[in-house]
Amino acid sequence: MSHPGVPVSGGPPTGLQAQNGAPSASGSPYANGPVQNALMSSHMSVSQGYNSQLPGSYPHLIPAKTSSPLCGQSNYGGSQGSGQTFNRPPVALNPVTPSLHSGPVPRMPLPNSQNPAAAPMPSGNFLPGANPPPPPPSNWQYNYPSTGSQTNHCPPGAQPTVSGNTNLTTNHPYVSSGDSSHQNSFIKSGITSNANNGSMVVHSNYDEIEGGGFLATSQLTNKNPKMSRSVGYAYPSLPPGYQNTTPPSGTGMPPSSLNYPSGPQAFTQTPLGANHLTASMSGLSLHPEGLRVINLLQERNMLPSTPLKPPVPNLHEDIQKLNCNPELFRCTLTSIPQTQALLNKAKLPLGLLLHPFKDLVQLPVVTSNTIVRCRSCRTYINPFVSFLDQRRWKCNLCYRVNDVPEEFMYNPLTRVYGEPHRRPEVQNATIEFMAPSEYMFLTGEYMLSWLPGNTRTKIGFITFDSTIHFYSLQEGLSQPQMLIVSDIEDVFVPMPENLLVNLNESKELVQDLLKTLPQMFTKTLETQSALGPALQAAFKLMSPTGGRMSVFQTQLPTLGVGALKPREEPSQRSSAKEIHLTPSTDFYKKLALDCSGQQVAVDLFLLSGQYSDLASLGCISRYSAGSVYYYPSYHHQHNPVQVQKLQKELQRYLTRKIGFEAVMRIRCTKGLSIHTFHGNFFVRSTDLLSLPNVNPDAGYAVQMSVEESLTDTQLVSFQSALLYTSSKGERRIRVHTLCLPVVATLNEVFLGADVQAISGLLANMAVDRSVSASLSDARDALVNAVIDSLAAYRSLVLSNQQPGLMVPFSLRLFPLFVLALLKQKSFQTGTNARLDERIFAMCQVKNQPLVHLMLTTHPNLYRVDNLSDEGALNINDRTIPQPPILQLSVEKLSRDGAFLLDAGSVFMLWIGKNCAQNFLCQVLGVQNYASIPQPMTDLPELDTPESARTIAFISWLREQRPFFPVLYVIRDESPMKASFLQNMVEDRTESALSYYEFLLHIQQQVNK
Ligand SMILES: [Zn+2]
């Protein structure tokens, strides 16, 4: 293990173990346990299991790496050997400490979370587990026990690249394109002083930014003379003489000064006091339709013909117009029950669905030396705080009254002094902060050493079979040099400094290698795969810098650590029991946690026709915040559709925005508590998610409970803060704030239910349940979720008991969506779904933004053989037909038509046997039905209006998501027809109820 180039890790300072390894509240194992760095000390037993303490890898989460050689972390990776010093910004957990550059600091205990899939779960519905996570709300049926709960699943996501925050006002100078590289900062300010309110000025390391503590004070800056404040322009346009203004003394302010003049887009900043709110409460903004009670047995076709819109929270319009776009941040209940007891009565899950790094067309970016945050809970100032007067604001999460920093008194947009309430930070629920230069200090140093010469991208290649092949790409070589390491038991990295090279400097060599690689192994007879050792090697290579590891795998790994055995039994595919959803080894998880600790995310591309144990392999991405892509039956010649899909997805993957070294924290108003996280990440401290990489296609979900009564509160807020390093090396913080009303009655809770968000959260919970208990258990829990909530509605809200299945308008699609989930690949039974495909579907549930998850669960069906321009959209001179969405039932299909099914990542165009000749000729370009080629995966561009309309519609759908959905044109005899029909979720199948039967079943249970 000790090779000259790769010093052996000294292991963790022992003192850290105790802190990290603190057992969770439930006494359950820390799933997290990146047990030892398996790489660095390969003799260490891997069988330590998840109970092991969290040791080794975490020291490097701590600031120390940059600095103190004493802290025992200077020897990670090969950096010493290579003579390069890679500095990494400190990533610490602890509350701010005065000294930035001292060695390890005390850390917060790790979460009792992030369990591996291993822990057993009680069965039942989403029942009160044996030991629910932190706050154990008693009857809370949606609480998982802490085990299993924070388990994260893998995979790729997808989402539109279009729209931005609708709350943004377009023409502001500070509003710029979503591409951070072009975002102009609207403030070039930099009043340096903060003498009076220094405590609100937050400087930079992770700790100060997202650490749990407060008081990131100005003393920090003084500690290190190098961190001099280099920016210091004054506001050139401050009204002269403002300094002579007597500073308002707060309490003594005349009432009149509270009424800030309201501008065009102003939030009339009357404090959000009781009067204001009472008014808003009574002004129920719900459409009368929303108050209807529906008997689903009589009116079951409730699917709207246009995409379902999220409910609008019942807030005063002045508040609502500033609220966060639901595409970014959404809550299952748009009216928050004021007590846990009320929430328990509703039997609906409370949680958030986030798409925090979505590509935005417009994103306000603020550059300021002063990032104003609450002194107590560190919430970023946002549209829902209240100003007591010009000089004081009250935090909407913890209610602490904070001072308004002098700098914040000036509004750079209007160039007016004395209107802090009109600053962009208080006008936008979604905003991004660019760290001011002093704030950049730490990362700056790191970036420079990482990327000499200011060209950033470094790249390296490793291939493997039964041995591991490295490629030296050092500038000056005439061609890439292959280095073979055959000792896979104890992998070392030869010449690490030549293997990860600057892309710009070695571009030709890289191109050479890419050209020759495909030919190099065509004659090989090798069938072994030493994936585990190769991953270890790659980890060693990358740990000094962090970054992104892209792994392409085509079979089960068979050699060395991480070798796997086939365990899929086709006879059990359709059964809900005894299927292998849990990893068979903890190797991939441990390595992922090591990677996470070194800011490396691992993305897995699995291209395989055979079982490859994605349940085990996927862990490498799940815990390192990576993505999983899966191409079943991939064949480069015989499966052109998969090839096209891979090409398009790889292109998106390589070119999409990427945030490095990210952490995300979600805060909520006092009284609420966040406990279970879903997505790909590692939970570093109780609520700090570690994301070595964050990408715009990833979604996250969290579950919440009401810990303390909210009876004195009329509004609650949720704020997510995502701190990341852009690919240009800028430190940025993207903040989203969502504000929702608190309600006291069960009826209001139901009226505000967001059925898509509820279904999405339940799907996430059901994946956990499948893994920790069983698939049948998860299915039962899904069904019970519908029964319990509708029974609660019937017995507690409806006064007169009528026959039928009565549901509130907000939940009219709840049974349908749950039925669709039961038939979704993740949870279906009675089909021949391959295990890896099921696992992949589960990964997607956990990692997709809600809108995409809903499409894969309940696809949109359109009739397209009669598209017209009636009601069409006009975008940039393009006419895009808008056919109505149809119910997913064969009743809606007809043999004389053509129907397009949009299932998110795949489009299926089913052509009826008697489809009009016109459509066949003008759109498909064929003479008759029999001559539709099979397979057909593309529509010809014909010079006909019918062709133009069809192609415009399909292209428009594709443009709304980042990944390219492939298209299958399906004839009746096509083997794909079964897949198409499987999406008809309202219909009965051999093993599943029809929608109507399902409703009858629910009704029976509800009326019991
Ligand atoms: Zn606060």
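Each ligand, and each atom within it, is numbered from 1 in the order the structure gives.
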task: List the steps, then state whether side chain to side chain donor-acceptor pair (under 3.5 Å) holds for Ser720 with His736.
output: CA-CA 5 Å; Ser720 73; His736 304 292; 4.8 Å; no
Which residues pass the side-chain contact (heavy atoms from CB on, under 4.5 Å) test with [X], not counting sequence neighbours?
X: Cys668; value: Leu672, Ile674, Phe718
X: Ser335; value: Pro741, Val743
X: Ala625; value: Leu691, Pro692

- prompt: How many protein atoms of type N/O/S are positioned less than 2.8 Å from the Zn ion (ligand 1)?
  reply: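 Considering protein N, O and S only, the Zn ion (ligand 1) has 4 within range.
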- prompt: Does the side chain of Thr430 reach to within under 4.5 Å of the side chain of Leu360, using non-hydrogen atoms?
  reply: yes
- request: Tell me yes or no: between the side chains of Asp754 and Thr332, is some donor less than 3.5 Å from an acceptor?
  value: no
